[in-house]
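Heads up, the thing below is written out as structure tokens.
Residue numbers run from 1 in the order of the sequence given.
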Amino acid sequence: MRVFKTRTIATEACKKGRITVGQGSDVPVKPSRTIKVGDIINVRKPPVTYTFRVLALSQNRLGAKLVPNYMENLTPKEQYDLLEVVKISGFIDRRKGLGRPTKREGRELEKFTSESYDSGWDFDTDDLDFDEDFLADE
């Protein structure tokens, strides 16, 4: 019911033990598990655990507007607050050098590299004066 983008991703989550059925249940379910009206489904999508109650069953894939007729979201507000904190801290706590460079870091890198090429540094061996005696000794 649109908890996961594809059925393949939902199957993978079942195999990893991230989906349980039943109130307070820690037993993971198989992808082929049959559910019934009234079941409580817990879905762990780290760092949040979503909780849903099955209101009705459908044989076909539903449009997003019809989902509330078939399942009720029971996820506590604390879980959504936790998700918001993680989103914010992802930008604040990122250590330098990890992940993609930010826009600012990219501009600084571009500026640094263009300055080093424009400043006349050329590391061609034809331009360097080598001491012929030094090379002969080796």
Side-chain angles (χ1 to χ4, degrees):
M1 287 281 177
R2 299 188 171 267
V3 176
F4 293 98
K5 189 171 183 176
T6 64
R7 290 177 63 176
T8 305
I9 297 170
T11 301
E12 190 82 17
C14 286
K15 289 179 181 178
K16 290 181 179 178
R18 294 184 175 167
I19 299 178
T20 59
V21 175
Q23 190 70 18
S25 174
D26 291 337
V27 180
V29 296
K30 293 182 178 180
S32 60
R33 166 74 186 255
T34 304
I35 60 170
K36 59 185 183 296
V37 175
D39 279 348
I40 304 291
I41 300 173
N42 299 307
V43 179
R44 271 190 312 125
K45 286 177 146 182
V48 178
T49 301
Y50 297 95
T51 307
F52 303 101
R53 177 182 293 131
V54 178
L55 300 177
L57 301 176
S58 171
Q59 296 296 323
N60 301 326
R61 184 169 165 85
L62 300 171
K65 291 182 179 179
L66 297 176
V67 171
N69 299 335
Y70 291 87
M71 90 179 167
E72 178 185 6
N73 189 348
L74 303 175
T75 307
K77 185 174 177 355
E78 296 84 41
Q79 292 292 322
Y80 288 112
D81 293 342
L82 176 65
L83 183 62
E84 195 64 33
V85 167
V86 169
K87 281 182 184 179
I88 292 170
S89 68
F91 292 106
I92 296 171
D93 295 338
R94 187 178 72 83
R95 294 194 331 244
K96 279 194 178 277
L98 292 180
R100 282 182 66 176
T102 61
K103 229 179 192 180
R104 180 180 181 186
E105 291 168 344
R107 286 192 300 264
E108 290 171 353
L109 183 62
E110 178 66 31
K111 183 179 175 188
F112 174 75
T113 55
S114 66
E115 285 176 0
S116 64
Y117 286 125
D118 295 342
S119 65
W121 286 91
D122 189 10
F123 294 105
D124 240 356
T125 55
D126 298 336
D127 295 338
L128 299 175
D129 288 333
F130 284 110
D131 186 7
E132 297 298 326
D133 295 331
F134 176 74
L135 291 176
D137 290 339
E138 291 182 359

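- Between T11 and P31, the shortest heavy-atom distance links the atoms CG2-CG, 3.6 Å.
- Under the rule for a side chain to side chain donor-acceptor pair (under 3.5 Å), K5 has no partner lying at least two apart in sequence or in another chain.
- Side-chain contact between R2 and R61 is present, with heavy atoms from C-beta onward closer than 4.5 Å.
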- Query: Please walk me through it: do S58 and N60 pass side chain to side chain donor-acceptor pair (under 3.5 Å)?
  - Reply: CA-CA 6 Å; S58 171; N60 301 326; 5.7 Å; no
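- Looking at F52 and V3, their side chains come closer than 4.5 Å, going by heavy atoms from C-beta outward.
- Cluster annotation: V48 is not connected to I40 through the hydrophobic network of ILVMFWY side chains, with a link wherever side-chain heavy atoms come within less than 4.5 Å.
- The side-chain contact (heavy atoms from CB on, under 4.5 Å) test with I41 singles out one residue from T51, V29, I35, and that residue is I35.
- Residues passing the salt bridge (charged side-chain N to carboxylate O under 4.0 Å, His left out) test with E72 are R53, sequence neighbours excluded.
- Rounding to the nearest 0.5 angstrom, the gap separating the CD atom in E84 from the NZ atom in K77 is 9.5 Å.
- For the atom pair N42 CG and L74 CG, the distance stands at 9.0 Å (nearest 0.5 Å).
- For NZ of K45, the number of neighbouring non-hydrogen atoms (other residues, nucleotides, ligands) closer than 6.0 Å is greater than 12.
- There is no path of hydrophobic side-chain contacts, each under 4.5 Å, that joins V27 to I19.
- With rounding to the nearest 0.5 angstrom, the CG atom of L109 is 9.5 Å from the OG atom of S114.
- Remark: side-chain polar atoms of Q79 are not paired, donor with acceptor, to backbone N or O of P76 under 3.5 angstrom.
- Linking Ile, Leu, Val, Met, Phe, Trp and Tyr residues whenever their side-chain heavy atoms come within less than 4.5 Å places Y50 and V67 in a single cluster.
- Looking at residues two or more places apart in sequence or on another chain, you find no side chain to side chain donor-acceptor pair (under 3.5 Å) involving E12.
- Distance CG/L83 to OG1/T49: 11.0 Å, rounded to 0.5 Å.
- By the rule that hydrophobic residues join a cluster once side-chain heavy atoms approach within less than 4.5 Å of another member, V21 and V37 end up as members of one cluster.
- At a threshold of 4.5 Å between side-chain heavy atoms, the hydrophobic network of Ile, Leu, Val, Met, Phe, Trp and Tyr places L57 and L62 in one connected group.
- For the pair F4/V43, a side-chain contact is recorded, criterion being any heavy-atom separation below 4.5 Å from C-beta on.
- At a threshold of 4.5 Å between non-hydrogen side-chain atoms, the residues K36 and V54 do not count as touching.
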